[in-house]
Each structure stands twice: as structure tokens, then as C-alpha cells.
Amino acid sequence: MAETPREPQETLSNLLQENRRFAPPDDLAAAANVTAAAYEEAAADRLGFWERAADRLAWAKKWDTTLEWNPPFAKWFVGGQLNVAYNCVDRHVEAGRGDKVAYYWEGEPEDDTRVLTYRDLQVQVNKAANALAELGVGKGDRVAIYMPMIPELPIAMLACARVGAVHSVVFGGFSASALQSRIEDADAKLVITADGGFRRGKPSALKPTVDEAVANTPGVEKVLVVRRTNQEISWNGDRDVWWHDLVDRQSDQHEAQPHDAEHPLYILYTSGTTGKPKGILHTTGGYLTQTAWTHHAVFDLKPDTDIYWCTADIGWVTGHSYIVYGPLANGATSVIYEGTPDTPHRGRFWEIVQKYKVTILYTAPTAIRTFMKWGDDIPAKFDMSSLRVLGSVGEPINPEAYVWYREHIGGGRCPVVDTWWQTETGAIMISPLPGVTHAKPGAAMRPLPGIVADVVDDQGNSVPNGGGGFLVVKEPWPSMLRTIWGDDKRYVDTYWSRFEGVYFPGDGAKKDEDGDIWLLGRVDDVMLVSGHNISTTEVESALVSHPKVAEAAVVGATDPVTGQAIVSFVILRGGAEESEDIAKELRDHVAKTLGPIAKPRQILVVPELPKTRSGKIMRRLLRDVAENRSLGDVTTLTDSSVMNLIAEKLPSAKSED
Ligand code: WT7
């Protein structure tokens with residue numbers, strides 16, 4: 001097809017026309033992994049559909065009962081046994097695909113690369129599994145993993161899965177106290193970490209954070225440390241063990257034992273509105289079934305020819321399900337990149353796409369908006385003709401970003417799949433299928449085959465097309481969370497109490513005239529910053545923990561780059577000096593308490609907070625202020641126009657209580 005150069009502006013406005021729909025490209029449709037019949041088959045026999053998806057895995061013992069449902073507690077593939085690591089690694093080697101590349105690893109420093117075939121992965125996972133045994137870690141024990149994006153991270157996860165230990169990966173950007181509370185909640189006996197990793201062109205340290213966290217967690221017996229950056233670190237000879245000393249000398253043979261389908265696979269913490277993070281528990285058989293099937297269907301993965309790259313950090317669920325478990329279960333070849341998109345230059349992502357001839361790219365709207373800001377000329381310098389499917393995840397993708405992604409990254413020919421799901425759902429739930437369904441810029445479209453989701457009003461009644469309300473999931477699905485670690489009651493209260501008998505994810509949604517689903521964001525007070533959930537309560541608690549702060553209110557304000565940005569209003573304690581430096585001091589304090597991701601964009605010192613008569617902070621008003629007024633970067637206010645604005649709104653708002 002002859003390419004005629006087009007005016008970018010013209011193209012964009014054209015593509016943004018109301019009700020713009022993109023049909024699946026003919027070549028994709030002709031060879032798609034899944035056909036439209038999957039929707040009907042699953043609707044007619046949902047459990048039968050998931051049984052066939054489970055049959056794509058290797059089971060040591062077939063299950064007796066597909067689903068045992070004691071609402072809201074589910075057990076899938078009951079009586080079945082399998083080993084996740086065997087499914088992700090060994091069976092591909094046994095099938096003669098040992099030389100196939102599992103991961104092309106690209107370190108942030110250029111030319112720092114590693115290639116791991118499935119056979120390499122098998123050797124490494126077996127050695128790591130033997131090392132776990134030597135450290136006394138076995139089935140059911142919890143292991144905290146706090147690592148940079150290096151191959152030892154998926155290797156450590158798979159080694160845990162192999163021996164039946166439950167991993168709890170903590171994102172490497174979290175602070176010592178965040179790591180400590182997660183270690184304590186899961187009662188981990190081992191921490192696996194590294195001296196550091198490379199980010200933004202320099203080595204960053206991880207080990208000192210672990211030292212600080214485990215100083216107060218006597219349950220941690222050993223700390224296993226990968227050498228990545230060669231920086232000086234302090235060493236506790238009784239507790240710390242080098243990965244290369246312990247793992248390298250192990251046997252590369254390890255017999256994988258089958259585990260029950262409902263054996264815990266991992267815990268992953270997610271922020272909640274009410275303080276303490278929730279330990280989301282995923283189990284073995286159902287989780288692997290749905291991550292593998294969705295990866296196969298939503299990305300139309302062809303394991304023999306595709307090069308797949310998910311840019312997420314493995315510390316989040318996207319990395320668990322779509323860098324580690326789903327792709328490996330399918331025998332895919334993936335790229336893993338350690339660093340940031342602007343190191344050493346702003347074309348790094350596109351250079352990687354060009355270098356490895358990436359065919360499927362999965363990234364987040366916040367990244368896409370950053371690339372838009374950096375300019376069209378940057379991706380235009382690279383050959384990205386290998387790409388054929390693009391994915392988006394983490395927050396609603398605005399139509400402008402969607403169309404930019406399709407055009408400037410996908411060359412106008414690649415379908416974009418906007419995938420809705422959560423840490424709790426374990427795998428993709430709502431998404432187009434690139435060779436089967438239409439896609440619309442900004443819409444996640446329709447529930448996948450086997451998923452029963454709907455939009456309901458506040459009474460729980462299904463809304464008609466054109467209506468808006470709350471997203472719900474009406475039937476259990478294989479990769480659903482099983483509970484909150486150690487807190488069944490909170491599991492029931494958080495997800496199953498808003499509407500009778502259905503799962504409430506906490507998102508607002510609407511159905512358009514065609515019945516397609518658009519996600520509208522969180523209905524509660526969780527902020528979504530650069531695709532990460534951060535609760536207002538957690539940030540408020542962190543602010544109030546500072547000796548100078550009396551009271552704090554936090555809102556998420558729309559931000560063109562990060563989706564939402566954290567804006568905080570604080571009342572200082574009597575006697576605390578209001579100074580130019582206070583905003584910086586408080587921002588740093590939040591970063592230290594919760595991690596840099598939770599650092600507020602702005603801190604405003606105010607004399608009063610608007611409250612209802614029952615004492616609830618009126619966040620809606622604060623959000624108006626935060627979004628509608630340009631407040632400058634670091635501002636300290638006592639009686640500025642901002643508070644006048646709040647005050648003006650107060651009389652009418654007061655009656656709302
Ligand atoms: C929340 C879950 C799923 C992995 C990344 C985040 C929002 C996620 C979309 C999407 C609109 C989305 C929701 C959801 N979200 N994907 N495609 N469209 N919103 O996992 O940290 O558990 O956050 O992210 O609000 O509830 P998470």
C-alpha cells in the first residue's frame with residue numbers, strides 16, 4: 001500500500017470524530033487465535049469455556065470440580081494439581097523449544113544485555129529453587145522480593161512457585177517503612193533483593209532500604225542479595241547471602257512437585273482507602289489459566305513469531321501477569337527493559353522496538369501522554385514496522401492519547417486494545433480482541449468471553465445503553481483474588497458489600513449507545529497517579545505523621561501527564577513556622593514514608609479545611625480548587641484567593657451534609 005504523507009493535525013481530528021470505530025485489520029482477522037464464536041460458546045457454557053482454557057496447561061492431576069462457589073469465596077479446578085514453574089519453563093524445554101528465547105533483557109546502560117532461552121531459564125530456576133531449600137524455605141513459606149527489573153526477579157518468582165513458597169513482590173520504589181509493613185503483614189522469612197539497579201543513568205540503591213526494613217522484622221531469617229551495580233553496601237554476615245555465592249553452586253536439577261490448584265501462588269499489596277495496604281491473594285490453577293488464555297487471546301500471541309514487550313514494572317500486577325506468568329505459560333519471547341524511557345535519550349523505547357523487532361507492545365496511558373509531550377519527531381526516527389498489536393492498561397486512556405498511539409507508534413495499522421483489569425482480578429477482564437472486535441478510542445469495549453460484567457445504577461440494576469453507573473462483575477472468574485491475606489472480613493466488606501452478590505471493583509463506568517463499556521475512573525478516594533493506585537487516606541496519614549502538621553486533606557487532581565496528581569491541603573500545628581521550605585519538607589516526608597510515587601505535586605498550607613457538619617472533609621470542593629486554578633509549584637497560602645474560593649462555595653455546600 002502506497003503511503004502518502006498526511007498532515008498530522010488533520011489526521012488526528014479526523015480520527016477523533018464522534019463514534020470513531022476501528023475494525024480489526026483483515027490480516028489479523030484471518031489468522032486470529034480466537035474467533036467471535038468464543039463469546040457465544042462462553043455465554044452458553046461458561047465453565048466449559050474455562051475448562052478448555054485450563055486444558056491449555058499441563059496438569060499433573062486433572063481437577064474434579066471446575067468451580068466451587070460459596071459466595072464470595074471461590075475455588076477453581078478443585079482437586080487438580082500442577083506446578084506453575086513447570087508450566088512456564090520445563091514443559092517448553094521438554095517439547096523441544098529449549099533454545100527458544102524466553103527473555104531478551106535490556107539493561108538501562110546501553111550494551112548491557114542478556115539473552116535467556118527457556119533452557120537457560122530452567123537451569124536458573126532449578127538452581128534458585130535448590131537455593132531456597134538450602135535456606136530452609138519451603139512450601140507455604142512467604143518470601144518478600146524487592147528487586148530491580150533484572151532477570152533474577154522472574155527467576156526468583158518462578159523458584160518460589162516451583163517449591164510452593166508464596167512470593168510477595170514489593171515494587172522497588174517503595175520506602176523502607178512500606179517494605180517493612182508488607183514483610184510484617186505476610187510474615188516473610190526471606191527477603192530477596194539486589195545491591196541496587198540502574199535508573200536514570202545512575203545506580204540506585206536497594207539494599208540500604210532492606211537493611212532499614214528488616215532491622216525491625218525479626219521474622220526475616222535471611223536476605224539474599226543479587227549483585228547488580230557493584231556499589232558499596234553494608235553487610236550482615238549472619239543474615240545476608242550473596243546470590244552468586246549460594247545460587248551458582250546449586251545443582252541445575254530440581255524435581256518440581258505438583259501443587260493443588262488452590263495453593264497460594266503470591267500476595268501483592270495494593271493501596272486501599274482505609275489505611276493499611278491490602279494483601280491480594282492469588283492462587284495457582286485459575287490464575288495461570290486466565291493469565292495464559294488472556295495473553296493468548298487479547299494480544300493474539302503467536303509464540304513462534306511474536307516478540308512481545310510489556311513495559312510495566314514486575315513489581316505491579318501487570319508485570320506479574322503479563323511479563324512473567326502469562327507470556328511464559330504461552331512459551332512467548334519477551335523483552336524486559338530495566339530502566340526509564342528517557343535514558344540515555346527520549347527515543348529509548350522506540351530504539352528497543354526497532355532493535356528487537358517488537359511485534360506486540362503493552363504500555364500505559366501515562367507513558368503514552370509523556371511520549372506525546374516529547375513530540376512526534378522522536379518515534380518517527382525509528383523503524384517500528386514490526387509492530388502489529390498495541391495494548392494499554394492502568395487507567396482510562398483518553399481518546400487523543402489512543403489515536404496518537406495508534407498513529408505515531410502503530411503507524412495507523414495496529415489495533416489498540418484498551419485492557420481493563422485490576423490487581424484483584426489477576427488478569428484482563430474487559431478488552432477488545434484485536435482480530436475479532438471493533439475498537440473505539442477511549443473504550444475498553446466489552447467483557448472477554450467467560451467474564452460476566454455489567455454497569456449498574458446505585459440500586460444494582462443494569463443500566464440501559466447510554467447510561468452510566470458502577471462497573472460490577474456478576475460471576476466468579478478463574479484468576480479472581482481469593483481473599484485479602486489474613487483478613488477475610490475485609491475481603492467481603494471491600495468487594496462484595498456494595499451490591500448484593502456481585503463483585504464491585506470500585507470503578508465508575510458507562511455504556512454507550514452500542515452497549516460498549518467505557519471506564520470512568522475510581523468512584524472512591526483512590527488516586528491513580530501514573531497508573532498506580534494511591535489512597536488519599538494513606539497520604540493524609542503520612543502528612544499528619546509529620547510533627548508540624550495538624551490536619552491534612554488530599555485530593556487527586558487531573559494532570560495531563562500522570563493522569564491524576566496528588567494535591568495536599570495542610571493545616572500547620574500552632575507554633576509551627578510557615579516557611580518557604582515547608583512544602584519541600586512535607587513532600588520529602590511523604591516520599592520517605594510511602595515512597596516517591598506518593599509525593600504530592602503541590603502542598604498548600606491553609607488555615608481551615610472545608611468540612612460538612614458531620615466533620616467530613618469536602619474533597620469535592622478541594623478538587624475543584626486543585627483542578628481549576630493554577631496555583632504555582634510551591635505555594636504557601638494563608639488567606640489567598642484559593643481559600644476565598646472555598647469560602648465562597650461553603651455556604652451552599654454546607655447544607656449538603
Ligand atoms: C485500577 C486497578 C491492571 C493493572 C494496572 C493497575 C484502573 C486499569 C484500566 C483501563 C480504565 C483502568 C481502574 C482499576 N484501570 N486499567 N484500561 N481503563 N481504568 O492495577 O493498581 O490494581 O489498579 O486501575 O481504576 O480499578 P491496579
Side-chain angles (χ1 to χ4, degrees), residues 68-76 78 84 132 136-146 157 160-161 163-171 174-192 210 213-214 216-222 259-287 315-317 320-321 422-426 476 478-498 503-506 524 526 533-535 537-538 541 593-595:
E68 233 178 70
W69 180 224
N70 298 306
F73 296 95
K75 289 183 178 167
W76 282 85
V78 184
V84 166
L132 290 178
V137 173
K139 188 163 179 165
D141 289 334
R142 272 81 59 202
V143 175
I145 302 182
Y146 184 71
M157 293 162 73
C160 288
V163 305
V166 183
H167 62 69
S168 161
V169 179
V170 179
F171 172 59
F174 274 122
S175 65
S177 65
L179 175 60
Q180 182 185 326
S181 64
R182 285 157 175 77
I183 290 172
E184 280 168 348
D185 188 75
D187 196 14
K189 66 194 277 195
L190 173 70
V191 179
I192 308 180
V210 175
V214 303
N216 305 308
T217 55
V220 173
E221 293 163 14
K222 294 285 176 193
H259 303 297
D260 284 342
E262 283 297 336
H263 183 66
L265 179 62
Y266 69 79
I267 303 166
L268 185 59
Y269 287 85
T270 182
S271 304
T273 38
T274 52
K276 198 174 147 215
K278 303 189 284 281
I280 304 303
L281 178 68
H282 284 294
T283 59
T284 297
Y287 175 79
W316 307 112
V317 76
H320 281 58
S321 299
Q422 315 176 287
T423 306
E424 292 87 338
T425 68
S479 65
M480 65 191 274
L481 76 165
R482 297 305 192 257
T483 189
I484 291 172
W485 182 257
D487 202 343
D488 285 349
K489 182 178 180 302
R490 194 172 175 205
Y491 165 71
V492 176
D493 291 348
T494 308
Y495 305 107
W496 299 91
S497 300
R498 178 70 181 77
Y503 175 83
F504 175 49
D524 56 15
V526 173
N533 266 353
I534 298 170
S535 90
T537 320
E538 263 190 320
S541 313
T593 316
L594 292 173

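In this chain, residues are counted from 1 in sequence order. Below, each value reflects all heavy atoms present in this structure, side chains not excepted, and no hydrogens, waters or symmetry copies.
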Other residues, nucleotides, ligands: >12 heavy atoms within 6.0 Å of K189 NZ = yes
Nearest atoms (heavy-atom pairs only) where S321 meets G426 = OG-O, 2.6 Å
Distance col, row S177:OG vs N216:CG, nearest 0.5 angstrom, shows 10.5 Å
Straight-line distance of W485 CH2 to D185 CG, nearest 0.5 Å | 9.0 Å
Is a side-chain donor or acceptor of Q422 paired with a backbone partner of P505 at a separation under 3.5 angstrom?
-> yes
Sub-4.5 Å side-chain heavy-atom contact between H320 and H282 = no
L190 side chain near D141 side chain, heavy-atom distance below 4.5 Å = no
Distance-only donor-acceptor check, side chains T423 and Y269, under 3.5 Å = no
State, yes or no, whether a side-chain contact exists between S168 and R142 at a heavy-atom distance under 4.5 Å.
-> no
Is the gap between the ring centers of F174 and Y146 under 6.0 Å?
-> no
Can you measure from OG1 (T270) to CD1 (I484) and round to the nearest 0.5 angstrom?
-> 9.5 Å
Under 3.5 Å side-chain donor-acceptor pair for E184 and T217 | no
Between S175 and T593, is a side chain to side chain contact (heavy atoms under 4.5 Å, CB included) present by the stated rule, with each step listed?
-> CA-CA 6 Å; S175 65; T593 316; 5.6 Å; no
Roughly how far apart are I280 CD1 and L268 CG, rounded to 0.5 Å?
-> 8.0 Å
About how many Å separate CD of E262 and OG1 of T284, when rounded to the nearest 0.5 Å?
-> 8.0 Å
Can Y491 and L281 be said to form a side chain to side chain contact (heavy atoms under 4.5 Å, CB included), step by step?
-> CA-CA 10 Å; Y491 165 71; L281 178 68; over 6 Å; no
M480 versus P72, closest heavy-atom pair with distance | CE-O, 4.2 Å
If you take all heavy atoms of W69 and F73, which pair is closest and at what distance?
-> CE3-O, 3.4 Å
Minimum heavy-atom distance between P264 and T283, given as atom pair plus value = CA-CG2, 4.0 Å
Are the side chains of I183 and V170 in touch, meaning some heavy atoms are under 4.5 Å apart?
-> no
Establish, yes or no, whether a centroid distance under 6.0 Å links the rings of Y503 and W496.
-> yes
Within-4.5 Å side-chain heavy-atom neighbours: S497 and V492 = yes
Do you know which two heavy atoms are closest between I267 and G279, and how far apart they sit?
-> CG2-CA, 3.7 Å
Look at the rings of H167 and Y266 and say which category their plane angle falls in: under 30° parallel, 30 to 60° tilted, over 60° perpendicular.
-> parallel
What distance do Y287 atom OH and H263 atom NE2 have between them, rounded to the nearest 0.5 Å?
-> 15.0 Å
On a heavy-atom basis, the closest approach of A144 and A188 is N-CB, 3.8 Å
Which of these passes side chain to side chain contact (heavy atoms under 4.5 Å, CB included) with C160: V143, V84, V169?
-> V143
